[in-house]
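Chain identifiers are assigned alphabetically (A, B, ...) following the order of the sequence lines, protein sequences preceding nucleic acid strands; residue numbering begins at 1 within each chain. None of the values given here were measured: they were computed from a predicted structure. Values below: all heavy atoms of this structure, side chains included; hydrogens, waters and symmetry mates excluded.
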Amino acid sequence: MGSRDGGLGVSSLHSGRAGLGEGSLAILERDGEPPQAWDPDDAKRARGLHPGAERLPGLYLPCFDMLLAEDATWLMKAEPRKEPEQCPVIDSQGLGLPPGLDAQVEERSLEQVQSMVVGEVLKDIETACKLLNINPDPMEWNPGNVQKWVLWTEHLYRLPQVGRAFQDLSGKDLCAMSEDDFRQRSLQCGDVLYAHLDIWKSAAWMKERCSPSDKLNGTEDLWSEADSSCSGQPIHLWQFLRELLLKPHSYGRCIRWLNKEKGIFKIEDSAHVARLWGIRKNRPAMNYDKLSRSIRQYYKKGIIRKPDVSQRLVYQFVHPV
DNA sequence: TAGTAGGATCGTT
DNA sequence: AACGATCCTACTA
C-alpha cells in the first residue's frame with residue numbers, strides 16, 4: 001500500500017478538514033478550550049458547504065495536505081501548500097525582516113505548527129484507542145468496535161445521537177462508505193462522523209507508511225504505546241479517570257484537575273463521565289450512581305479517597321503522579 | 001434532588 | 001480472588 005491512492009480512499013481525505021477543526025485542532029484554535037458542542041451551521045461553515053460564506057479567520061490549517069505529503073519525513077520538512085497567512089498562531093509581521101526572510105520565517109513557523117497539530121491528532125487518537133480498547137486502524141474494527149467509536153465520537157463532540165444507524169458494520173464496511181453513505185445513515189451528523197473517520201484513516205495510513213521499517217521515526221512512539229494498551233489488560237476505572245484527566249482539551253468539560261499535584265479532581269459532568277465509562281465497558285445502563293459506588297470501593301484499597309475538605313463530586317488520588 | 005457511604009449479591013475474567 | 005455492576009437503605013447538603 002505504498003501509493004497515495006492505496007486502499008484507504010485517500011483521495012477523499014481533503015474533506016476531513018471539518019473534523020480536524022472541530023476536534024483535535026480545537027486546542028490551537030481555541031487555546032485550550034475543550035471541543036465545542038456540535039452546531040450544524042458551524043459544521044457546514046467549516047466544511048465550506050456555503051461557498052459564499054467566509055471562513056473564520058485563522059481557523060484553517062492544512063493538516064490533511066500534510067498527512068498526504070509524499071515524504072514520510074514531513075514532520076521535519078513539510079511544505080506548506082497555501083494560505084500561510086491564515087495560520088492562527090504565527091505572525092511575523094512587524095519583525096522588520098526583509099520580504100524573502102519574512103516568508104522563510106513564516107514557512108518555518110508554519111511547519112512547527114503543522115508538526116504540533118499532527119502530533120496532537122495522533123496523541124488524541126492514541127488516547128481514544130486506550131480509552132476504548134480498540135485498534136487505531138479502523139480497517140481492523142469489528143462491528144462492536146465501530147459501535148464504540150461512533151458512540152464515543154458522538155458523546156465527545158456532543159453530536160446528535162445516531163442510534164443504531166451504524167450497527168452491524170465492520171471497520172472495512174465503514175471505511176468503504178462514501179460521505180453520502182454516511183449522510184444517508186445519519187442526516188444530522190453523518191458528514192461529521194465521516195470527517196472524523198477520515199482522520200483516523202489518515203493516521204492509520206501514515207502509520208502504515210512509517211512502520212515497520214522506519215522504527216526511528218518520531219511517530220512510531222505515539223503508536224507503540226497505543227498498540228500495547230489495546231492488546232493489554234482491561235482498564236481499571238481509576239486508570240480510565242486518569243486518562244480522561246490527562247486530556248483536558250478533550251475531556252475537561254466533564255472531569256478536570258482541581259489540584260494536579262495533590263491528585264484532587266472534580267467530576268464536572270457526572271452523567272457524561274458515567275456514559276463514557278459505560279461505552280468503554282459496554283454497559284449501556286452505567287450511571288453515576290454505579291460509577292461512584294465503584295469509586296468508593298477504592299477507598300479501602302487506598303487508590304482514591306475524598307479530599308480532606310470533602311466536596312461534592314471531588315475526589316483525590318491517594319498516590320498522585 | 002442529587003450526591004455520599006457502604007452492605008449485599010452477582011457475573012466475568 | 002479480583003474487579004466491577006447492580007441494587008439497596010440510610011444519610012446529607
Side-chain angles (χ1 to χ4, degrees), chain A residues 34-35 37 126-137 140-156 158 160-164 166-168 170-171 224-248 250-321:
Chain A
E126 177 199 334
T127 301
C129 285
K130 208 181 285 181
L131 290 169
L132 288 171
N133 197 27
I134 60 175
N135 193 297
D137 185 356
E140 304 293 324
W141 294 346
N142 61 32
N145 298 153
V146 170
Q147 196 64 14
K148 259 189 183 180
W149 177 82
V150 168
L151 274 173
W152 188 269
T153 307
E154 168 188 307
H155 275 265
L156 182 54
R158 290 171 160 78
Q161 301 208 343
V162 299
R164 297 192 175 92
F166 295 87
Q167 217 178 19
D168 300 327
S170 72
S224 53
E225 216 180 311
D227 285 345
S228 63
S229 67
C230 284
S231 55
Q233 304 287 320
I235 195 170
H236 290 185
L237 175 58
W238 65 269
Q239 293 175 313
F240 182 83
L241 295 175
R242 184 159 272 171
E243 291 292 335
L244 295 180
L245 285 161
L246 290 176
K247 283 284 171 179
S250 295
Y251 307 105
R253 278 185 163 195
C254 55
I255 185 169
R256 67 182 177 90
W257 293 113
L258 290 187
N259 185 330
K260 192 173 179 182
E261 288 67 40
K262 292 184 179 171
I264 300 173
F265 63 95
K266 176 166 188 179
I267 294 172
E268 297 284 358
D269 186 339
S270 57
H272 198 209
V273 172
R275 184 81 183 101
L276 295 177
W277 178 234
I279 294 170
R280 173 61 176 83
K281 295 297 292 287
N282 287 322
R283 290 282 165 178
M286 180 53 61
N287 57 28
Y288 181 69
D289 188 42
K290 297 170 194 171
L291 183 146
S292 63
R293 182 70 192 93
S294 293
I295 291 179
R296 292 196 293 276
Q297 296 286 8
Y298 288 143
Y299 292 172
K300 59 182 173 191
K301 290 175 189 161
I303 296 171
I304 289 176
R305 65 184 182 93
K306 288 298 268 185
D308 296 329
V309 185
S310 183
Q311 289 170 271
R312 287 190 144 207
L313 297 169
V314 176
Y315 298 91
Q316 179 172 16
F317 284 105
V318 174
H319 303 293
V321 249

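- Contact annotation: the side chain of Tyr251(A) never approaches that of Leu245(A) to less than 4.5 Å [non-hydrogen atoms, C-beta and beyond].
- With sequence neighbours left out, the side-chain contact (heavy atoms from CB on, under 4.5 Å) criterion links Arg312(A) to no other residue.
- With sequence neighbours excluded, the residues that form a side-chain contact (heavy atoms from CB on, under 4.5 Å) with Pro307(A) are Ile264(A), Val314(A), Gln316(A).
- The side-chain contact (heavy atoms from CB on, under 4.5 Å) test applied to Asn287(A) returns Asp289(A), Lys290(A), not counting sequence neighbours.
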Would you mind writing out the side-chain donor-acceptor pairs for residues 295-302 of chain A within the sub-3.5 Å range, not counting sequence neighbours?
from      : atom 1 : to        : atom 2 : distance (Å)
Arg296(A) : NH1    : Ser292(A) : OG     : 3.3
Tyr298(A) : OH     : Leu237(A) : N      : 3.2
Tyr298(A) : OH     : Trp238(A) : N      : 3.2

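- Taking a 4.0 Å limit (strictly below) on heavy-atom distances, residues 238-246 of chain A does not reach DNA chain C anywhere.
- Each end of the helix from dT1(B)-dA13(C) to dT13(B)-dA1(C) gets its own axis, taken as the rotation carrying the C1' atoms of four end pairs onto the next four within a five-pair window, and the two axes meet at 20° to the nearest 10 degrees.
- The side chain of Tyr298(A) contributes an N or O atom lying less than 4.0 Å from OP1 or OP2 of dG4(C).
- Of the possible polar contacts, one joining the Trp141(A) side chain to the Asn135(A) backbone as a donor-acceptor pair under 3.5 Å is found.
- Contact footprint of chain A on DNA chain B: nucleotides with an atom under 4.0 Å from a non-hydrogen protein atom, first to last in 5' to 3' order, dA2(B) to dG7(B).
- For Phe240(A), the ring pair (Phe, Tyr, Trp, His ring centres under 6.0 Å) criterion is met by Trp277(A), not counting sequence neighbours.
- Applying the side-chain contact (heavy atoms from CB on, under 4.5 Å) criterion to Arg275(A), with sequence neighbours excluded, gives Leu151(A), His155(A), Ile279(A).
- Between Arg253(A) and Glu268(A) there is no salt bridge, since no side-chain nitrogen of the basic residue lies less than 4.0 Å from a carboxylate oxygen of the acidic one.
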Indicate for each nucleotide in nucleotides 5-13 of chain C, in 5' to 3' sequence, whether protein heavy atoms under 4.0 Å reach the base (B), only the sugar-phosphate (S), or nothing (-).
SBB-----B
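- One atom, CD1 of Ile304(A), and another, C1' of dG4(C), lie 13 Å apart when rounded to the nearest Å.
- Because its NZ or CZ atom is not both nearer than 6.0 Å to the ring centre of Tyr315(A) and within 45° of the ring axis, Lys266(A) does not count as a cation-pi partner of that residue.
- Every residue two or more places apart in sequence or in another chain that forms a side-chain hydrogen bond (donor to acceptor under 3.5 Å, both in side chains) with Asp308(A) is listed here: Arg305(A).
- Between the side chain of Glu140(A) and the main chain of Asp137(A), no donor-acceptor pair closer than 3.5 Å is present.
- Using a 4.0 Å heavy-atom criterion, one finds that Ser292(A) contacts no nucleic acid atom at all.
- With sequence neighbours left out, the side-chain hydrogen bond (donor to acceptor under 3.5 Å, both in side chains) criterion links Gln161(A) to no other residue.
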